[in-house]
Number of protein chains: 2
Amino acid sequence: MPPAATASGARELPHPTRAEIRLEGVLHALSDPVRLRIVRDLAADSDALFSCSHFDLPVTKSTTTHHFRVLRESGVVRQTYRGTAKMNGLRRGDLDAVFPGLLDALLAAAARQAAVLGGD
Amino acid sequence: MPPAATASGARELPHPTRAEIRLEGVLHALSDPVRLRIVRDLAADSDALFSCSHFDLPVTKSTTTHHFRVLRESGVVRQTYRGTAKMNGLRRGDLDAVFPGLLDALLAAAARQAAVLGGD
DNA sequence: GCCGTACTACGAGAGCTATCGTACGAGCTG
DNA sequence: CAGCTCGTACGATAGCTCTCGTAGTACGGC
């Protein structure tokens with residue numbers, strides 16, 4: 001019995017503001033291989049939004065939900081409902097504003113490691 | 001009764017090679033506030049070596065040992081014995097070689113957050 | 001040779017995390 | 001409306017992590 005979130009037709013999800021984004025939280029979010037891969041996929045098409053099910057992850061749906069929540073609560077991604085699907089977008093603008101250059105450096109590092117390890 | 005580590009006069013500690021350094025490990029190491037602070041202090045004087053006891057951390061010696069081990073095993077710092085003291089140095093060259101620009105971006109982000117939050 | 005200092009090892013507890021399975025709600029599609 | 005798909009909530013479990021205290025080891029100085 002949720003009091004007042006069903007009427008709008010678009011359930012709202014809590015996101016941290018720019019000021020609430022913590023470096024430790026971002027690093028922790030990205031220190032998990034599954035989440036790092038999600039972020040890399042999102043960054044490949046930065047303007048696009050992808051549903052959770054678009055990603056082919058080696059975990060179950062429950063675990064996927066968990067990882068997306070960690071990413072959202074750390075301020076890395078923004079999630080919005082679109083019908084039954086939940087669309088995910090990288091918060092590149094916010095991250096660049098709070099930590100200029102960090103996201104690019106992280107993505108470059110991840111790409112470099114993926115290349116060395118033979119990952120995609 | 002350690003078989004053969006006492007004779008050299010300088011006990012050796014295991015460190016990951018450049019190729020063994022993993023981005024996830026580095027991010028995980030830096031996602032702890034205590035360790036992030038250690039790295040910031042080390043980076044402030046990048047050429048210098050500091051003993052573990054040089055840092056004024058809000059945890060006990062046991063916990064300090066633990067944190068330095070995490071930093072060493074993730075490849076962020078290099079530890080060498082010098083008498084009874086264990087000297088710690090940032091592995092800036094190795095990190096820059098494996099993930100160019102990452103360390104600077106991380107340090108800049110940490111400095112920015114510390115400034116905003118009023119930390120030193 | 002003995003003591004103090006610096007760090008480690010071990011044990012231990014509280015809390016978080018990643019993972020899963022099952023059951024459920026929200027919204028299309030027929 | 002019925003059913004399907006997408007995602008959530010909850011419970012459970014195993015493993016890790018951060019923290020500590022105590023006991024122990026290595027080294028330098030007296």
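Heavy-atom basis, side chains included; hydrogens, waters and symmetry copies ignored. Naming: A, B, ... by sequence-line order, numbering from 1 per chain.
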Checklist entry - Restricting to pairs with a member in residues 42-54 of chain A, which pass salt bridge (charged side-chain N to carboxylate O under 4.0 Å, His left out), not counting sequence neighbours? => result none

Checklist entry - Separation of H28(B) atom NE2 from dC16(D) atom C1', in whole Å? => result 8 Å

Next on the checklist: Which residues in residues 71-78 of chain B have a heavy atom closer than 4.0 Å to any atom of DNA chain C?
Outcome noted: none

Checklist entry - Roughly, in whole Å, what's the span from CZ in R82(B) to P in dC27(D)? => result 15 Å

Item to check | Interatomic distance, E24(B) CD vs dT17(C) C1' [rounded to whole Å] | outcome: 16 Å

Checklist entry - Can you find a heavy atom in the side chain of R37(A) that is under 4.5 Å from one in the side chain of R40(A)? => result no

Item to check | Given dG7(D), dG21(C), dC20(D), the nucleotide with the shortest approach to the side chain of T60(A) | outcome: dG21(C)

Checklist entry - What's the spacing between L106(A) CG and L102(B) CG if we round to 0.5 Å? => result 5.5 Å

Item to check | F68(B) CZ to dC18(D) C1', straight-line distance once rounded to whole Å | outcome: 16 Å

Item to check | All pairs passing salt bridge (charged side-chain N to carboxylate O under 4.0 Å, His left out) where residues 105-117 of chain A contributes a residue, at least two apart | outcome: none

Next on the checklist: Can you list everything that forms a side chain to side chain donor-acceptor pair (under 3.5 Å) with E24(B)? Sequence neighbours excluded, please.
Outcome noted: Q113(A)

Checklist entry - Can you tell if the side chain of V34(A) reaches within under 4.5 Å of the side chain of H66(A), non-hydrogen atoms only? => result no

Item to check | Gap between atoms CD and C1', on Q79(B) and dA6(C) respectively (whole Å) | outcome: 13 Å

Checklist entry - Taking NZ from K61(B) and P from dA9(C), how many angstroms apart are they, rounded to a whole number? => result 14 Å

Checklist entry - So which nucleotide from dT19(D), dA6(C), dT19(C) ends up closest to the side chain of V34(A)? => result dT19(C)

Checklist outcome for this item: The side chain to side chain donor-acceptor pair (under 3.5 Å) partners of H67(A) (sequence neighbours excluded) come to R35(A)

Item to check | T84(B) side-chain proximity, nearest of dT19(D), dG28(D), dA18(C) | outcome: dG28(D)

Which pairs would a plain distance check flag for residues 88-101 of chain A, meaning a side-chain donor or acceptor within less than 3.5 Å of a matching protein atom at least two apart in sequence or in another chain?
{"unit_1": "N88(A)", "atom_1": "OD1", "unit_2": "Q79(A)", "atom_2": "NE2", "d": "2.7"}
{"unit_1": "N88(A)", "atom_1": "ND2", "unit_2": "F50(A)", "atom_2": "O", "d": "3.0"}
{"unit_1": "N88(A)", "atom_1": "ND2", "unit_2": "K86(A)", "atom_2": "O", "d": "3.2"}
{"unit_1": "R91(A)", "atom_1": "NE", "unit_2": "D94(A)", "atom_2": "OD2", "d": "3.0"}
{"unit_1": "R91(A)", "atom_1": "NH1", "unit_2": "P16(A)", "atom_2": "O", "d": "2.9"}
{"unit_1": "R91(A)", "atom_1": "NH2", "unit_2": "P16(A)", "atom_2": "O", "d": "3.0"}
{"unit_1": "R91(A)", "atom_1": "NH2", "unit_2": "D94(A)", "atom_2": "OD2", "d": "3.1"}
{"unit_1": "R92(A)", "atom_1": "NE", "unit_2": "S46(A)", "atom_2": "OG", "d": "3.0"}
{"unit_1": "R92(A)", "atom_1": "NH1", "unit_2": "D104(A)", "atom_2": "OD1", "d": "3.1"}
{"unit_1": "D94(A)", "atom_1": "OD1", "unit_2": "R18(A)", "atom_2": "NE", "d": "2.5"}
{"unit_1": "D94(A)", "atom_1": "OD1", "unit_2": "R18(A)", "atom_2": "NH2", "d": "3.1"}
{"unit_1": "D94(A)", "atom_1": "OD2", "unit_2": "R78(A)", "atom_2": "NH2", "d": "3.4"}

Item to check | Candidates dC7(C), dA9(D), dC18(D) - which lies nearest the side chain of S62(A) | outcome: dA9(D)

Item to check | Interatomic distance, D32(A) CG vs dC16(D) P [rounded to whole Å] | outcome: 14 Å

Checklist outcome for this item: Checking dG7(D), dC18(D), dC7(C) against the side chain of H67(B) (C-beta onward), the nearest is dC18(D)

Checklist entry - How would you list, by chain and number, every residue that makes a side chain to side chain donor-acceptor pair (under 3.5 Å) with H28(A), sequence neighbours excluded? => result none

Next on the checklist: What residues from residues 50-59 of chain A pass a heavy-atom cutoff of under 4.0 Å to DNA chain D?
Outcome noted: S51(A), C52(A), S53(A)

Checklist outcome for this item: Quick note, A85(B) side chain, CB onward, closest among dA6(C), dC6(D), dC18(D) is dA6(C)

Item to check | Among dG7(D), dC20(D), dT19(C), the nucleotide that comes nearest once only the side chain of H66(A) is considered | outcome: dT19(C)

Item to check | d(OH, Y81(B); P, dC7(C)) in whole Å | outcome: 9 Å

Side-chain donor-acceptor contacts of residues 53-61 of chain A below 3.5 Å, not counting sequence neighbours, with atom names and distances?
{"unit_1": "S53(A)", "atom_1": "OG", "unit_2": "S51(A)", "atom_2": "OG", "d": "3.2"}
{"unit_1": "T60(A)", "atom_1": "OG1", "unit_2": "T63(A)", "atom_2": "OG1", "d": "3.3"}

